[in-house]
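Computed over heavy atoms, backbone and side chain alike; hydrogens, waters and symmetry mates excluded. Below, chain A is the first sequence line, B the second, and so on; all start at residue 1.
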Amino acid sequence: MLPTDILLIHASMIACTPRVTDSANIGTRLLIDARSGMLAVKELLGSKLKFGLIALAIGLVVSLTLLMAAMSEGLLTGMTGAKGSLAGDALVFQGDTYPILERSVLSAEDLQRIASAEGVANSYGIGHVIVSVNSTDEPFDARVFGLGDRFDQLPLVEGDLVSGPGQAVIDVTAKVTGVGIGDTLGLTPIDEELDVVGITEDRQYVMTPAVYVDLPTWERLYLVTALGRMQDAEGHGAPEPELLARQVSGSASIAAVELEEGFTLERLASELGSDFVVVTPEEAALAGNGMPEMVVAIGGIQVVSLAIGALIVGVFSYITTLHKTGQIAAIKALGASNGYVYRQLLVQITLLVPVASAFGLAMTLGASLSMPPTMGLEPQPERWAITLVLVYIMAYLGSLFSLRSILAIDPATALDRAEH
Amino acid sequence: MSLLEVRNVSKSYGSGHASVTALSDVSFVLDEGRLLAVLGPSGSGKTTLLSIIAGLLRPTSGQIIIDGKPIHLRSNREAAAFRRSRVGLVFQDHHLVHYLTAKENLLLVPHLSGRIQHQHRELASSLLGEFGLEARANHTPSMLSGGERQRVAIARALMNEPRIMLVDEPTSNLDTERGRQVVEMLSRHISGREMTCVMVTHDPRMAEAADEALHLIDGRVHSADAEGVLASAP
Ligand SMILES: Nc1ncnc2c1ncn2[C@@H]1O[C@H](COP(=O)(O)OP(=O)(O)OP(=O)(O)O)[C@@H](O)[C@H]1O
Ligand SMILES: [Mg+2]
């Protein structure tokens, strides 16, 4: 054998030996972990009632979080579903009036300017007006949206799209008042009528159903509503109907815009100047009507409920730890490390959280049955997965409460301390 | 060579005005196969002595030598490893894990060292047999009598085949007859084996089964019976 061979063998032994022992170490460590889990599982099974109650408490927090999420979703759809889902890259409001849809007015010239602005591939006007429907068993307010184009954006649940003046597609939430396809809606006090030809969904605005008509129909409704309002206010002195009609003709409340490839909202905004405000439909949905405050409030409740969850896990694990101080001291006296004791707690939490989450989900589904359909809980595996992860994080955070007390337990107290 | 050597051990709790001297200048040696009873009134320092030998407390001064090696210098982690491998501990309040059966409580000891093997299961069965607990192997502590619990605790302390057993008031919750039975079983197990045992008790009748006795009063060795026990100067 050549000296170089011996060197090579030595080198390979040096290179291999540590690796072999390393992987062996990791192997035994994993085994120890699995076994320390078994002790934790035995404790869980030995105190089913106690751990069941803890799981129930965590489950309540989980269900609170899920309900909050469902409610915020429902509120968001109810408040601004119709606004946020308008088809287009951007919505253009009259300057100064944003974010109040009710006050925005774009004249025929304005719409023309928007349509011919640089970067605009396509645009259409959207009219908005509030009406009262009185022909049903239960009168209700509705939000009329006149669409200049793109009726295909409405998801049809039943019936057909608007194909001419006087026809309407109405949100499914209006069905609870008895409205169906083929019905004629009588509007007061303007004394107009609309024929329901289709039913759409998730299209509400400020908790009232949206009614979609074509732009000429909207124009007529808007005109009579405006005239009626002016007469109401003054009792007399309304402007000449012909004059007003000329002003309203060809106008809309806002405009929806599809931009050319690569053209940004910012460029369109600077293109159009300060007479207009350019935002995305999503931005518009979250602006006005108290939406920012509502979103913050609901988000806050969710964060607080998660924090309460962390506190519950923390307090429970802290109390159970205090409760078995003697036991822990004895196990430590027998030679168990702090890490071993803490690991037991972690294993228990890891097993408790899915049980708690299942409780929480069941409670949420139960609760959502008693809620109006618009606030119902739809299966959202993604949101549930995120909630599960958050609950795990808060549970592990809560367990840190106990880590301190585990570290503080002096194994010497196990001797000669009778605890009765 | 003696298995356990306690050299001039003193221990004070606290400092300044609040300082309490629990042990002062305690010395003795103990050979293999011997059971030493440590006697003394309440507060005389018996538990303190046991805790120091177990490495649960550090002496203020003095040395503890086990198998020729000083153990009082170890870190907490080293002391814990030492207890896992070399020490059997029996607590006054048995401290059995309430959700584990008798046999599982015994297997907890090899579990804490990392692996439960076939030989551990066999050892557990034979120890349960030796202490008259075969029929109780699958019972949890709440189903056992006080004497049975204490015997399970002793069997558990023997699971790591310790060099040194440290037993604190094993009989205080038992009547005299049952207490004596437990101590006799313990004594029988130790004699002829390569181990030794220090048993704390305040009951002189329990000390009868011991090979040697050490009386502590106010933290000092008052008297030592039998050879091999060195009394400190009165
Ligand atoms: N952690 C401590 N802090 C302060 N003083 C302590 C502490 N532990 C024990 N002592 C004091 O040390 C002295 C000896 O206590 P030790 O527990 O060793 O006595 P003991 O002989 O075991 O008594 P008992 O028979 O009542 O168990 C007592 O005066 C006690 O009050
Ligand atoms: Mg004591």
Side-chain angles (χ1 to χ4, degrees), chain A residues 24-51 320 323-345 347-348 351 406-420, chain B residues 42-43 45-58 76-101 104-105 107-116 140 142 153 156-157 159-160 162 166-169 172-173 200 202:
Chain A
N25 270 347
I26 290 166
T28 40
R29 226 178 271 158
L30 286 177
L31 276 176
I32 293 168
D33 283 355
R35 280 198 210 93
S36 75
M38 272 169 57
L39 193 72
V41 172
K42 290 220 155 105
E43 188 178 10
L44 283 181
L45 295 177
S47 321
K48 288 194 198 76
L49 181 68
K50 179 175 83 181
F51 288 106
T320 29
H323 184 68
K324 33 177 210 190
T325 302
Q327 186 103 71
I328 292 171
I331 290 182
K332 277 184 164 186
L334 292 179
S337 64
N338 287 317
Y340 174 84
V341 178
Y342 185 52
R343 217 155 49 227
Q344 266 201 80
L345 183 63
V347 169
Q348 289 175 342
L351 294 175
I406 289 173
L407 291 175
I409 293 172
D410 180 359
T413 58
L415 278 168
D416 198 30
R417 291 289 189 284
E419 282 157 272
H420 295 295
Chain B
S42 185
K46 306 183 293 293
T47 299
T48 303
L49 177 61
L50 218 54
S51 306
I52 289 174
I53 298 172
L56 290 165
L57 278 182
R58 248 170 271 245
N76 287 345
R77 185 187 289 263
E78 286 168 337
F82 168 72
R83 283 196 301 279
R84 278 202 301 272
S85 61
R86 319 291 287 176
V87 179
L89 271 179
V90 180
F91 313 99
Q92 174 175 357
D93 182 32
H94 60 84
H95 280 313
L96 296 173
V97 178
H98 67 86
Y99 50 85
L100 296 181
T101 65
E104 286 169 341
N105 264 286
L107 292 173
L108 179 63
V109 172
H111 164 71
L112 288 179
S113 295
R115 59 190 78 81
I116 299 175
T140 54
S142 62
R156 177 173 70 177
M159 273 303 287
N160 57 348
L166 300 171
V167 184
D168 197 4
E169 304 274 13
S172 66
N173 294 330
V200 161
H202 60 266

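- Neither the backbone nor the side chain of B/R77 has a heavy atom closer than 4.5 Å to any heavy atom of chain A.
- Expressed to the nearest 0.5 Å, how far CG of A/L415 lies from NZ of B/K46 amounts to 12.5 Å.
- Looking at heavy atoms from C-beta onward, A/K42 lies out of side-chain contact with B/V97 at the 4.5 angstrom threshold.
- Contact of A/L45 with chain B is not made at all, since no heavy-atom distance falls under 4.5 Å.
- Chain A forms more heavy-atom pairs under 4.5 Å with one residue of B/L57, B/V200, B/L100 than with any other, namely B/L100.
- With a 4.5 angstrom heavy-atom cutoff, B/H94 does not touch chain A via any of its atoms.
- Neither the backbone nor the side chain of A/K324 comes within less than 4.5 Å of any heavy atom of chain B.
- Between chain A and the residues B/G88, B/A80, B/A79, the largest count of heavy-atom pairs under 4.5 Å involves B/A80.
- For the atom pair CG (A/D410) and CG (B/L56), the distance works out to 7.5 Å, reported to the nearest 0.5 Å.
- Rounded to the nearest 0.5 Å, atoms NE2 (B/H111) and CG (A/L334) are 11.5 Å apart.
- For B/L108, the part lying under 4.5 angstrom from a heavy atom of chain A is the side chain only.
- Contact annotation for B/V90: only backbone heavy atoms (N, CA, C, O) come within less than 4.5 Å of a heavy atom of chain A.
- Counting heavy-atom pairs closer than 4.5 Å to chain B, the top residue among A/G46, A/A336, A/A330 is A/A330.
- With B/Q92 contributing its side chain and A/A414 its backbone, the two residues share no donor-acceptor pair below 3.5 Å.
- Between A/L39 and B/Y99, the closest heavy-atom pair is O-CE1, 3.7 Å.
- Here the shortest heavy-atom pairing between B/R83 and A/K332 reads NH2-O, 3.4 Å.
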